[in-house]
Amino acid sequence: MSDLSNATPAPLGGAASGTPAVEMDGIVKTFGPVTANAGATLSVGAGEIHALVGENGAGKSTLMRVLGGGFAPDAGTVRVLGRDVTGWSTQDAIRAGVGIVHQHFMLVPTLTVAENVVLGSEPRRGLQLDGRRALDEVRALSERSGLRVPADRTVAELSVGEAQRVEILKTLYRGARILVLDEPTAVLSPPEVEELWTVLRRMRGEGATIVIITHKLDEVMAISDRITVMRHGRTVERLATADTTPTEIARAMVGRDVVLPSFTSDAVKAAGEGALQVRDLTVRDARGVTVVDSVSFDVAPGEILGIAGVEGNGQTELLEALAGLRAAVGGVVRIDGRDVGGTSVRRRADAGLSHIPEDRHRRGLILDYSVADNLVLGQQHHFARRGVMDRAAVARNAAEKVAAFDIRPPSAALPARALSGGNQQKIVIAREMGRDFRVLLAAQPTRGVDVGAIEFIHGQLREARAAGKAVLLVSADLQEVLALADRVAVMYGGRFVAVLPRAAASEEVLGRYMTGAQPRNDA
Amino acid sequence: MSVIALLAQVLRIAVPYLFAAGGGVLAERSGIVSLGLEGFMLSGAFCAAVGDYYSGSAWVGLLCGILGGLLFGLLHAVATIRYRADQVVVGIAINLLVIGLTRFFLRLAFDSSSNSPRIAGFEGGGPLSGWLAGAGPMIPLGLLVIPAVAWLVYRTPFGLRLRAVGEHPAAADSLGVPVARVRYVAVALSGALAAMGGVYLALDQHQFTDQMTAGRGYIALAAIIFGRWNPLRAGVACLLFAGAETLQIQMQGTQAIPSQFVSMIPYLLTIVALAGVVGRANPPAALGKAE
């Protein structure tokens, strides 16, 4: 509980005798008709950093929820430090020193850092919560672990990097010796990722066991000692990091050979003036804070301009303003020379703008509509006769797009909700790229989709470039930006702090700009 | 009328609001919409009248009223937490159900369609016995409810868990906080506290009358929202609304402004508050969401 000695290095029971810290065997977990785990196994040695990898929907998170007591398995056994703990509760797991850092932060934004850390294991003084002691203990723990956080501030005020440190502190406060991190780097900038690795290595040095879920292969290679690969709810491969290669891991994840993203300069040389021209675009959010600060750029036909940056630096607002979803306070937006400033989403679409929104559930799809209906969303006026929907045209369009974009299952009558994330994204891509357009805004086009779909989507973007389209790509995944873009702009604090040709952009260079460490370069 | 008499009147009007708002804050901070306050109050008033009538003791009446409110609080909790029914619908259903049930049992127990026979009240009224006659412990208790709820919410481990559950139940759950249990306790307590407001009404008027709470539960809910879910601010809102009502009663003789306009004040203030004029209203993030 609040006994801090738990968080300091202590000899691990069982470690000496070589008992694995975690042993999961034959885990089966189904949710209605969906089988998340179909006999998964996992063995994690004490004191190692273990990477659990697999495509989206491979069952990694479910397996870890079973370990953390969130779900009871339908079959199989779970052993922690040699003890059979199958079907234990969240509380049991916490008490036994298993800590889970969830993919989506499990923090209460209105509470302070210290309150979030002690929640559920509060220090008391009589009947009261001892707020003073909570603050002191969290500060001491923060000091000792190297996880720097402002203990008295509310979580809503923190950066994502700080929020993640709070998540790790929460597990340490409860004396976690086995730490599970579910996709911890998704929201971090490269320097923050490096800092996380430092903390994790330090914890390993002190005897902690760490399981890290990820699908970024460079991270697997950088941090892990051993690797377990899952596919379709099963464990398909166990590897020692030192003896394997990213290609081998990717093959195990997908079950076939994949082309890992790398830059291919098959670019049609950008010609003529910008198909998309943006001048001094300024956007304010609901509170009146300037989130896009007088941004100017061009995207030429046959060019992909990538925007890199830590999330929350104005990329979302910039794209929403370009798409017509959000009003700009100033600036000019031209598509093929036509000023579309202040016009509606539909006008812009008719002027040749396509948009793959970053949140497909909120902006891209109506999940309860059929695949066929989603394929004409926003274009419905082209599928109507005298104000009445032409169902035959909608069906023809659906049949074409489902085949051309390999949407699975190939049944246009299904609600979009029934499809996997990757196939839902293909619906959006099919709708936005399967029509005549001049300029494409692609926001996080591969977020939450599996490796196979990523390959497909990247191929589509390259084809669009080859066909002379102007593509503006925003991605939180630096590798994606580097693999696709001809030029890379870095957004920080609502401004473009750098615009670099691909050849001059590397993760190191971009990372410095992304954190604001490198001042603006107006070259 | 003297100033003290006026203040005493404000206090007498405010007490039922203070009880109901104190209880409602607890339920709402746990993430459960408190539309059933009206029903909890009415059940408290009726059960108090029955207990008091058959025992001849106001204390027994108080106890019965609390138990009645607790019962309907639990019913609300089971429907919204266990069965995840829509919280707004359940709240309204409870209000209508209690109106019907009290009418039915009023007929059964007292053979009347409008009111119970006269019941005993509390003796004396403490230091202001002249002005607060017959209120007994209810006024001091009513004044204590708000600070007590504030202490519970902001100073105890339970309060921290309550706030966490109302803002981000998944986060609380991931730390082993029993989300459902915290909500059960909060909603049951809200039923019991709101019922005490009803008990006060029945004992003060020495009888139960049909629908005697007359919308006070909704005013209490308005006070919670006006107070932006902070118990202390909600308490101040209760006093403010009671002040407006006192004003309205005092103005009934005059022709200056129709008194109906004055009685609209609490609702107008609430709309103004919700529109964000008094600063942003930040309801608990999980409020009303079936998890």
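- Remark: Phe241(B) pairs with Phe226(B) by the ring pair (Phe, Tyr, Trp, His ring centres under 6.0 Å) rule, at least two apart or across chains.
- Contacts of Arg165(A) classified as salt bridge (charged side-chain N to carboxylate O under 4.0 Å, His left out), with partners at least two apart in sequence or in another chain: Glu195(A).
- The part of Leu107(A) that comes within reach of chain B is its backbone (N, CA, C, O), which places non-hydrogen atoms under 4.5 angstrom from that chain.
- Evaluation of the salt bridge (charged side-chain N to carboxylate O under 4.0 Å, His left out) rule for Arg284(A) yields no partner, not counting sequence neighbours.
- When every heavy atom of Val108(A) is checked against every heavy atom of Ala171(B), the shortest pair comes out as CG2-CB, 4.2 Å.
- Most heavy-atom pairs under 4.5 Å with chain A, from the set Gly176(B), Pro284(B), Ala285(B): that is Gly176(B).
- For a residue to count as touching a neighbouring chain, one of its non-hydrogen atoms must lie under 4.5 Å from one of that chain's; by this rule Leu127(A) touches chain B with backbone and side chain alike.
- Contact between Ala164(B) and Leu119(A) at its shortest, heavy atoms only, is CB-CD2, 3.4 Å.
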Could you show, one pair per line, the donor-acceptor contacts under 3.5 Å between chain A and chain B?
{"from": "Gln91(A)", "atom 1": "NE2", "to": "Gly176(B)", "atom 2": "O", "distance (Å)": "3.1"}
{"from": "Gly120(A)", "atom 1": "O", "to": "Arg161(B)", "atom 2": "NH2", "distance (Å)": "3.1"}
{"from": "Glu122(A)", "atom 1": "OE1", "to": "Arg161(B)", "atom 2": "NE", "distance (Å)": "3.2"}
{"from": "Glu122(A)", "atom 1": "OE1", "to": "Arg161(B)", "atom 2": "NH2", "distance (Å)": "2.6"}
{"from": "Glu122(A)", "atom 1": "OE2", "to": "Arg161(B)", "atom 2": "NE", "distance (Å)": "2.8"}
{"from": "Gln128(A)", "atom 1": "OE1", "to": "Trp151(B)", "atom 2": "NE1", "distance (Å)": "3.3"}
{"from": "Leu129(A)", "atom 1": "N", "to": "Arg155(B)", "atom 2": "O", "distance (Å)": "2.7"}

